[in-house]
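Worksheet: the structure to be examined is printed underneath.
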Amino acid sequence: RARDAGGNCYRFFSPAMNQRAHDRVILSSVLGTALSSERLRLVYQPQVSPHTGAIHGVEALARWHDPVRGNISPVRFIPLAEEAGLIEALGEWALRQACGQMAQWMADGIAIPSVAVNLSARHFRDPGLPAMIAAILQETGIPPGRLMVEMTESTMIADMDSTTEAARAIRALGVGLSMDDFGTGFSTLANLVNLPLNEVKIDRSFVDGMDRVEESRQIVNAVIGMGRNLGMSIVAEGVETKEQLALLDELGCPVVQGFLISHPLEAQLLPDWVRTWQQSCSTGLTRLPAA
Ligand code: C2E
Ligand code: MG
Ligand code: MG
Ligand code: MG
């Protein structure tokens, strides 16, 4: 079975090895080659104003298609990439792909103001990160303001000093910095003080309960107010219903993202999506057209 992973790498598994460990070995060895093959790609999910429908940008999300195993979720392969020491390679690949795609959209006159790329918090400990981002901006020729970097915390920020330094250097390039999944996991209020953030993304677990649970609604309201006071934009993630959308608009949330607006799309579908979206928004509505 290990040979299915491709290449000429032979490994032996003790019967005691559990399925997860087994998967990890296979997935990590495949991921090493997936980065340079067609197996890995990015899809893009639109982000819009809940009030006017104006397009704020898109978020790039990694997709891995394995010819034998089918689609593997990033929720599974990102932690594996971290364990296998491949997270920096994955981050660089995603930045290069997304910035190259933005350059293409700009050349084609597609009105997508920015692209957000997810980077593992672990990657911010790499002292070469800001220079690598600068090099990719230069290679692709996109203005730095067109790129947003989302810090995704699957592990605790272990070294706050070097993380803060990297974050400042990235901001100094003119690139935006966003805290992903705010309110869950390891993302803390302390990070809001320490990191030079432009944007905070409210995790979808809070958005999910908004129309039923008063507490969720209060938390969302508080985060929106905090963003306003700190001069940060707020993105509500995982918006699935019109009720959620209406509530977020009422609370003054500047940006929403979720299946109600659009599922993540293949890059080549974005131009049509933008055209259709703008058409339905330009009919004089102050609120989003029914998606
Ligand atoms: P995330 O950055 O918080 O991305 C949002 C996730 O929510 C995406 O899942 C997206 O497809 C999903 N989503 C969007 N709208 C809705 C909705 O209305 N309802 C529901 N139920 N889900 C929605 P996805 O693509 O499976 O990605 C999962 C996570 O994997 C991401 O969460 C991010 O943390 C990580 N990830 C994805 N791509 C990359 C990448 O290139 N690099 C790194 N380091 N992490 C990535
Ligand atoms: Mg994200
Ligand atoms: Mg998120
Ligand atoms: Mg998430």
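Just so we're clear, the structure is a prediction, and the values are computed from it rather than from any experiment. Scope of the values below: all heavy atoms of this structure, side chains included, with no hydrogens, waters or symmetry mates. Whatever order the structure lists them in is the order used to number ligands and atoms, beginning at 1.
Among the heteroatoms counted here (N, O or S) of Asp180, OD1 is the one nearest to the Mg ion (ligand 3).
Considering backbone and side-chain N/O atoms, Pro74 never comes within less than 3.5 Å of an N/O atom of ligand 1. Ligand 1 has no N or O atom lying under 3.5 Å from any N or O atom of Ser73, backbone or side chain. Annotation: Ala62 places an N or O atom under 3.5 Å from an N or O atom of ligand 1; distance criterion only.
The residue among Leu61, Leu90, Leu42 with a heavy atom at the shortest distance from atom 4 (O) of ligand 1 is Leu61.
The aromatic ring centres of Trp273 and Tyr44 sit 6.0 Å or more apart.
Defined by atom type and a distance below 3.5 Å, a donor-acceptor pair is missing between the side-chain atoms of Ser233 and Glu199. Side-chain atoms of Thr164 and Asn194 form no donor-acceptor pair, as typed in the model, at a separation below 3.5 Å. In the model, Glu214 has a side-chain atom that pairs as donor or acceptor with a side-chain atom of Gln218 under 3.5 Å.
Among the backbone and side-chain atoms of Glu150, none of the N, O or S atoms lies under 2.8 Å from the Mg ion (ligand 3). Taking backbone and side chain together, Asp181 holds no N, O or S atom under 2.8 Å from the Mg ion (ligand 2). Residue side and main chain included, Thr152 places no N/O/S atom under 2.8 Å of the Mg ion (ligand 2). For a distance bound of 2.8 Å, the N, O or S atoms of Asp203 include none lying that close to the Mg ion (ligand 3).
One N or O on the side chain of Arg146 and one on the backbone of Ile112 form a donor-acceptor pair closer than 3.5 Å. Within the 3.5 Å criterion, the main-chain N or O of Ile261 finds no donor-acceptor partner in the side chain of Trp277. Using a distance-only test at 3.5 Å, with no hydrogens or angles considered, a donor-acceptor pair links the side chain of Asp126 to the main chain of Gly128. Judged purely by atom type and a 3.5 angstrom limit, Thr184 uses its side chain to pair as donor or acceptor with the backbone of Asp181. In this structure a side-chain-to-backbone donor-acceptor pair under 3.5 Å is missing from Asp249 to Leu245. Arg125 places no side-chain N or O within donor-acceptor distance of the main-chain N or O of Ala121, the cut-off being under 3.5 Å. Remark: side-chain polar atoms of Glu237 are not paired, donor with acceptor, to backbone N or O of Gln257 under 3.5 angstrom.
In summary, the atoms of ligand 1 found under 4.0 Å from a heavy atom of Asp180, numbered by their order in the structure, are 1 (P), 2 (O), 3 (O). Of all the atoms in ligand 1, the ones that sit under 4.0 Å from a non-hydrogen atom of Glu240 are 17 (C), 18 (O), 19 (N), 20 (C), 21 (N). Listed by number with element, the atoms of ligand 1 under 4.0 angstrom from any heavy atom of Ser120 are 44 (N). For ligand 1 and Pro264, the ligand atoms under 4.0 Å from any heavy atom of the residue are 11 (O).
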message: Would Leu270 and Ile110 count as a side-chain contact (heavy atoms from CB on, under 4.5 Å) here? Give the steps.
response: CA-CA 8 Å; Leu270 259 298; Ile110 312 298; 5.5 Å; no
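At a heavy-atom cutoff of 4.0 Å, ligand 1 is contacted by the side chain of Glu59 but not by its backbone. Proximity of Arg204 to ligand 1, defined as any heavy-atom pair under 4.0 Å, is confined to the side chain (atoms from C-beta onward). Neither the backbone nor the side chain of Val43 comes within contact range of ligand 1; no heavy atom lies under 4.0 Å. Under 4.0 Å from ligand 1, heavy atoms of Asn118 appear from its side chain as well as its backbone. Residue contacts with ligand 1 for Gln45 involve side-chain atoms from C-beta outward but no N, CA, C or O (heavy atoms, distance under 4.0 Å). Only the side chain of Glu237 comes within 4.0 Å of ligand 1, judged by heavy-atom distances.
Draw a line from the Mg ion (ligand 2) to OD1 of Asn118 and another to OE2 of Glu59, and the angle between them is 90° (to 10°).
No more than 12 heavy-atom neighbours from other residues, nucleotides or ligands sit within 6.0 angstrom of CD on Gln138.
Heavy-atom separations between Arg63 and ligand 1 include at least one value shorter than 4.0 Å.
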